[in-house]
Amino acid sequence: MKPRVLAVGGPTSTGKTAFGVLLAKTACGEVVSCDSMQLYKGMVIGTAAPTPEETGGVLHHMVGVVDPAVSFSVADYCAMAAPILADIHARGLVPVVVGGTGLYMDCLLSGMTFLGQQETGEVRRQLWAQDGEALWKRLAELDPQAAASIHPANKKRVIRALEVVLTTGETMTARAARQSAAESPYEVTKICLDLADRELLRARCERRVDEMMEKGLLEEVEGLLKKPGLRASTAFQSIGYKELATYFDGILPLERAVEDIKTATKKYAKRQRSWFRRDGATLWYYRDQLSGEAIIDDLRQRNLL
RNA sequence: GCCUCUGUAGCUCAGCUGGUAGAGCAGGGGACUGAAAAUCCCCGUGUCGGUGGUUCGACUCCGCCCGGAGGCA
């Protein structure tokens with residue numbers, strides 16, 4: 001009997017945090033955040049990291065635990081989160097994995113184990129200086145399968161695949177197969193939240209940004225930008241931070257920078273939906289049609305709680 | 001009141017000397033195994049302000065009307 005895991009995904013601004021708390025309370029669980037940005041320290045407002053009021057006493061893991069200037073990846077996330085799941089299980093509780101980072105969620109829940117260390121800095125730098133098309137052709141020779149699935153224009157992913165062959169001597173395709181677990185070590189119930197009304201989701205994304213500004217996003221970003229090495233970090237890619245940096249750099253007026261945050265948030269929500277929709281074994285609930293309690297009731301009727 | 005410029009996709013605009021329109025952004029769909037809130041791919045029929053006219057044929061020329069911007073009074 002595999003240990004039970006509840007998961008909550010879906011686009012941003014659909015109420016995952018609140019529902020995650022409700023679900024954890026109902027199922028005697030603890031929340032394990034699955035958000036590539038909330039896990040950084042000091043990025044609270046811009047990532048809408050759960051506040052003490054929002055968590056309502058439910059323990060949240062993987063929030064504010066990494067130095068923003070340090071580079072972090074899916075592999076690091078899984079290395080940190082998997083033991084937390086084990087610990088929660090060991091204490092007889094249910095982990096509730098909540099967040100919008102689809103890649104992190106899938107890797108964690110499928111029991112992926114990443115091989116070896118990541119030492120690609122120099123190789124990566126050299127590859128970036130080269131022509132994208134040429135790189136893709138090179139990849140087509142070294143790892144035809146990877147090349148077939150990566151668009152030549154997607155330089156970032158072409159380089160990643162090349163890095164793997166060049167530094168490990170193993171194709172990304174072969175490596176990926178070795179890293180994947182034959183089957184998930186968990187009994188997963190995956191729930192995704194969305195809004196049926198697209199216009200409403202867009203409006204909520206915009207309101208979310210306005211609220212962040214009211215809560216002091218500007219000050220948070222200003223403070224963070226003083227940290228050395230931050231601009232080159234993964235954390236800096238977070239929506240809100242890089243846009244407000246253009247304001248601090250005098251490139252855009254504040255109003256425009258905030259507009260950019262809004263459109264970036266809306267586009268992000270769209271990409272998240274695409275990701276989460278891929279998994280057919282997911283229960284989707286429209287938050288503009290069902291309350292959290294109604295969703296819990298439905299899950300009970302399905303014998304999932 | 002007169003003169004000039006202007007009115008083309010949700011927004012900003014391209015459209016040579018007439019042959020019924022096309023970009024960027026927004027929006028939609030998708031991909032995604034160590035940067036993933038990242039990166040990338042696909043999708044553009046709209047009364048070309050309205051109305052008359054010239055023409056085989058007008059977004060493109062002419063008249064008038066309506067709506068903008070500026071200048072002179």
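The shown structure was predicted, so the numbers you read here are calculated from the model rather than taken from an experiment. Throughout, protein chains are lettered first and strands after them, A, B, ... in sequence-line order, and every chain is numbered starting at 1.
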Hey, does [X] reach any base, or is it just sugar-phosphate, or nothing, if we go heavy atoms under 4.0 Å?
{"X": "K155(A)", "result": "nothing"}
{"X": "D106(A)", "result": "nothing"}
{"X": "R271(A)", "result": "base"}
{"X": "Y104(A)", "result": "sugar-phosphate"}
{"X": "Y241(A)", "result": "nothing"}
{"X": "G240(A)", "result": "nothing"}
{"X": "T12(A)", "result": "nothing"}
{"X": "R277(A)", "result": "sugar-phosphate"}
{"X": "R160(A)", "result": "base"}
{"X": "A176(A)", "result": "base"}
{"X": "S238(A)", "result": "base"}
{"X": "T47(A)", "result": "base"}
{"X": "W136(A)", "result": "nothing"}

Should the pair [X]-[Y] be classified as a salt bridge under the 4.0 Å nitrogen-to-oxygen rule?
{"X": "R208(A)", "Y": "E211(A)", "answer": "no"}
{"X": "D194(A)", "Y": "R273(A)", "answer": "yes"}
{"X": "E199(A)", "Y": "R202(A)", "answer": "yes"}
{"X": "E206(A)", "Y": "K262(A)", "answer": "no"}
{"X": "R138(A)", "Y": "E141(A)", "answer": "no"}
{"X": "E220(A)", "Y": "K215(A)", "answer": "no"}
{"X": "K242(A)", "Y": "D249(A)", "answer": "no"}

Can you tell me how far [atom1] in [N] sits from the matching atom in [M], rounded to whole Å?
{"N": "C48(B)", "M": "U20(B)", "atom1": "P", "value": "14 Å"}
{"N": "U55(B)", "M": "A73(B)", "atom1": "C1'", "value": "40 Å"}
{"N": "C2(B)", "M": "G63(B)", "atom1": "P", "value": "15 Å"}
{"N": "A26(B)", "M": "G44(B)", "atom1": "C1'", "value": "12 Å"}
{"N": "G22(B)", "M": "U54(B)", "atom1": "C1'", "value": "28 Å"}
{"N": "G18(B)", "M": "U60(B)", "atom1": "P", "value": "11 Å"}
{"N": "U4(B)", "M": "C11(B)", "atom1": "C1'", "value": "27 Å"}
{"N": "C41(B)", "M": "U45(B)", "atom1": "C1'", "value": "24 Å"}

* To do: Select from C107(A) and A264(A) the residue whose nearest nucleotide in RNA chain B is closer to the 5' end of that strand.
  => C107(A)
* Structure fact -> By nearest-heavy-atom nucleotide on RNA chain B, the more 5' of D35(A) and R202(A) is R202(A)
* Asked: Once the angle between the rings of Y104(A) and Y77(A) is folded into 0 to 90°, is it parallel (under 30°), tilted (30 to 60°) or perpendicular (over 60°)?
  ->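 Taking Y77(A) first and then Y104(A), their aromatic rings lie parallel (interplane angle under 30°).
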* Secondary structure of RNA chain B in dot-bracket form (Watson-Crick or G-U wobble, distances below 3.5 Å, | marking inter-strand pairs) -> (((((((..((((........)))).(((((.......))))).....(((((.......)))))))))))).
Would you kindly say whether [X] and [Y] are connected by a side-chain donor-acceptor distance under 3.5 Å?
{"X": "Q272(A)", "Y": "Y268(A)", "result": "yes"}
{"X": "R4(A)", "Y": "T189(A)", "result": "yes"}
{"X": "D260(A)", "Y": "T246(A)", "result": "no"}

Rounding to an integer number of Å, can you tell me how far [X] [atom1] sits from [N] [atom2]?
{"X": "D143(A)", "N": "U33(B)", "atom1": "CG", "atom2": "P", "answer": "11 Å"}
{"X": "R124(A)", "N": "U39(B)", "atom1": "CZ", "atom2": "C1'", "answer": "12 Å"}
{"X": "K266(A)", "N": "G29(B)", "atom1": "NZ", "atom2": "C1'", "answer": "18 Å"}
{"X": "Y268(A)", "N": "G27(B)", "atom1": "OH", "atom2": "P", "answer": "16 Å"}
{"X": "K267(A)", "N": "C42(B)", "atom1": "NZ", "atom2": "C1'", "answer": "14 Å"}
{"X": "D279(A)", "N": "A31(B)", "atom1": "CG", "atom2": "P", "answer": "12 Å"}
{"X": "R157(A)", "N": "U33(B)", "atom1": "CZ", "atom2": "C1'", "answer": "9 Å"}
{"X": "K270(A)", "N": "C25(B)", "atom1": "NZ", "atom2": "P", "answer": "13 Å"}

* Asked: Of all the choices, U33(B), A36(B), C40(B), which nucleotide is nearest to the side chain of T234(A) once you look at every atom?
  -> A36(B)
* **Nearest-nucleotide pick for Q179(A), side chain only, options being A35(B), U33(B), C40(B)** =>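 Nearest to the side chain of Q179(A) among the choices is U33(B).
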Does [N] have its OP1 or OP2 closer than 4.0 Å to a side-chain nitrogen or oxygen of [X]?
{"X": "S274(A)", "N": "G30(B)", "result": "yes"}
{"X": "R273(A)", "N": "G27(B)", "result": "no"}
{"X": "R198(A)", "N": "G29(B)", "result": "yes"}

* List, by chain and then residue number, the residues other than L252(A) in its hydrophobic cluster (Ile/Leu/Val/Met/Phe/Trp/Tyr, side-chain heavy atoms under 4.5 Å); write none if there are no others. => I251(A)
* Asked: Mind checking whether F236(A) and Y241(A) have ring centres under 6.0 Å apart?
  ->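 No, the ring centres sit 6.0 Å or more apart.
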Please tabulate the protein-to-nucleotide N/O contacts below 3.5 Å involving nucleotides 9-12 of chain B, giving atom names and distances.
none

